[in-house]
Amino acid sequence: MKSSGFAPKIAWELCELRRSRLHATLASGISEADLVRCAEAVQGLLDQIGSISVCLKGPFQGTRNTGRIYFPVYPQKIRGEDAFALVQKSIGVSPTKLYLVGYYHMRNELDPLETRELAELIDQWRDRIVVKTTIPFLELYATNDDLALSARVHAKIGVG
């Protein structure tokens, strides 16, 4: 990304802010009154299944928020189901089966040449695993605006 022709259009300072809050949203819109119940449900699930391993594949750009470049997250399967779907079900949310970590934020629209360069980069890296890790804990964020960068951590939930 740094050596691309569109690198000057990436908000690099936001990447630094995001680095400490890298996340994939598993559920949004949880009411303040429901946070304790959700934290307890997720803790109970993690106590049963243990820590969750994931891999992130190459960059992805969706059709909704084209100003952000994401990395798709693929959680391990447990009993034939993806681990994040189990977390979602434990708190009463329908599984989304799409988990994204947003990292690069575009400052400006790309011109046609830059768009083609980004598309080629995405095609080149799409199926490559860029990170394999085990998540040591899940965090439940409380936000007023659905933005993790301005959220407070309500609960840090680890394997008990």
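Given the structure is predicted, the values throughout are model-derived calculations rather than measurements.
Here the options are Ile129, Val131, Val130, the test is side chain to side chain contact (heavy atoms under 4.5 Å, CB included), and the partner is Lys57; only Ile129 passes.
Summarising the geometry, atom CZ belonging to Phe6 is positioned 13.0 Å from atom CG belonging to Asn108; distances are rounded to the nearest 0.5 Å. Considering OG of Ser90 and CD of Glu40, their distance stands at 11.5 Å, rounded to 0.5 Å. For the atom pair Ile157 CD1 and Asp47 CG, the distance stands at 10.5 Å (nearest 0.5 Å). The CG atom of Leu17 sits 7.5 Å away from atom CD of Glu13, with the distance rounded to the nearest 0.5 Å.
Heavy atoms only, all atoms of each residue included: Arg79 and Ile49 are closest at NH1-CG2, 4.0 Å. Tyr99 approaches Ala24 most closely through the heavy-atom pair CB-CB, 4.3 Å. Across all their heavy atoms, Val159 and Leu46 have their closest contact at CG1-O, 4.1 Å. Of all heavy-atom pairs spanning Leu14 and His105, the tightest one is CD1-CD2, 3.7 Å. Contact between Leu138 and Val87 at its shortest, heavy atoms only, is CD1-CG2, 4.0 Å. When all heavy atoms of Phe137 and Gly158 are compared, the pair lying nearest together is CB-CA, 4.1 Å.
Connection of Tyr74 to Tyr70 is not established within any shared hydrophobic cluster, with ILVMFWY side chains joined at heavy-atom distances below 4.5 Å, either directly or through further cluster members. No single ILVMFWY cluster, assembled from side-chain heavy atoms under 4.5 Å apart, contains both Phe60 and Tyr103. Follow the hydrophobic side-chain contacts under 4.5 Å out from Leu98 and you never reach Val54; the two are in separate clusters. Criterion: ILVMFWY side-chain heavy atoms under 4.5 Å apart, direct or through other members. Under it, Leu22 and Leu56 are part of a common hydrophobic cluster. Hydrophobic cluster membership is shared by Ile69 and Val101, with clusters built from Ile, Leu, Val, Met, Phe, Trp and Tyr side chains linked at under 4.5 angstrom.
At a threshold of 4.0 Å, the pair Arg19-Glu16 counts as salt-bridged, since one of the basic side-chain nitrogens sits closer than that to a carboxylate oxygen.
Annotation: side chain of Thr115 is not in contact with side chain of Glu109 (no heavy-atom distance under 4.5 Å). Side-chain contact between Val153 and Tyr141: present, with at least one pair of heavy atoms (C-beta onward) separated by less than 4.5 Å. Annotation: side chain of Val73 is in contact with side chain of Phe84 (closest heavy-atom distance under 4.5 Å). Within the 4.5 Å cutoff, no side-chain heavy atoms of Glu139 are placed close to those of His23. Annotation: side chain of Met1 is in contact with side chain of Leu121 (closest heavy-atom distance under 4.5 Å). Side-chain contact between Ile78 and Leu86 is present, with at least one heavy-atom pair separated by less than 4.5 Å. Here the side chains of Gln76 and Thr134 are not in contact, with every heavy-atom distance at 4.5 Å or above. Side-chain contact between Pro59 and Phe71: present, with at least one pair of heavy atoms (C-beta onward) separated by less than 4.5 Å.
Side chain of Gln48 to backbone of Leu45: no donor-acceptor contact under 3.5 angstrom is found. When atom types are taken as modelled, the side chain of Gln88 and the backbone of Thr96 share a donor-acceptor pair closer than 3.5 angstrom.
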(request) Determine, step by step, whether Tyr104 and Trp12 satisfy the side chain to side chain contact (heavy atoms under 4.5 Å, CB included) criterion, reporting the C-alpha distance in whole Å, the side-chain angles of both residues, the deciding distance to 0.1 Å, and the verdict. (result) CA-CA 8 Å; Tyr104 297 104; Trp12 295 104; 3.6 Å; yes
(message) Determine whether Ile91 and Leu26 satisfy the following criterion, side chain to side chain contact (heavy atoms under 4.5 Å, CB included), listing intermediate values before the conclusion.
(response) CA-CA 10 Å; Ile91 61 172; Leu26 302 185; over 6 Å; no
(request) Start with the C-alpha gap between Val36 and His154, add the side-chain angles, then the distance that decides, and say whether side chain to side chain contact (heavy atoms under 4.5 Å, CB included) holds. (result) CA-CA 9 Å; Val36 171; His154 175 78; 4.0 Å; yes
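Within the structure, salt bridge (charged side-chain N to carboxylate O under 4.0 Å, His left out) contacts touching residues 82-101 (residues at least two apart or in different chains) are Glu81-Lys89.
Checked against salt bridge (Lys or Arg N to Asp or Glu O under 4.0 Å), Glu120 has no partners two or more places apart in sequence or in another chain.
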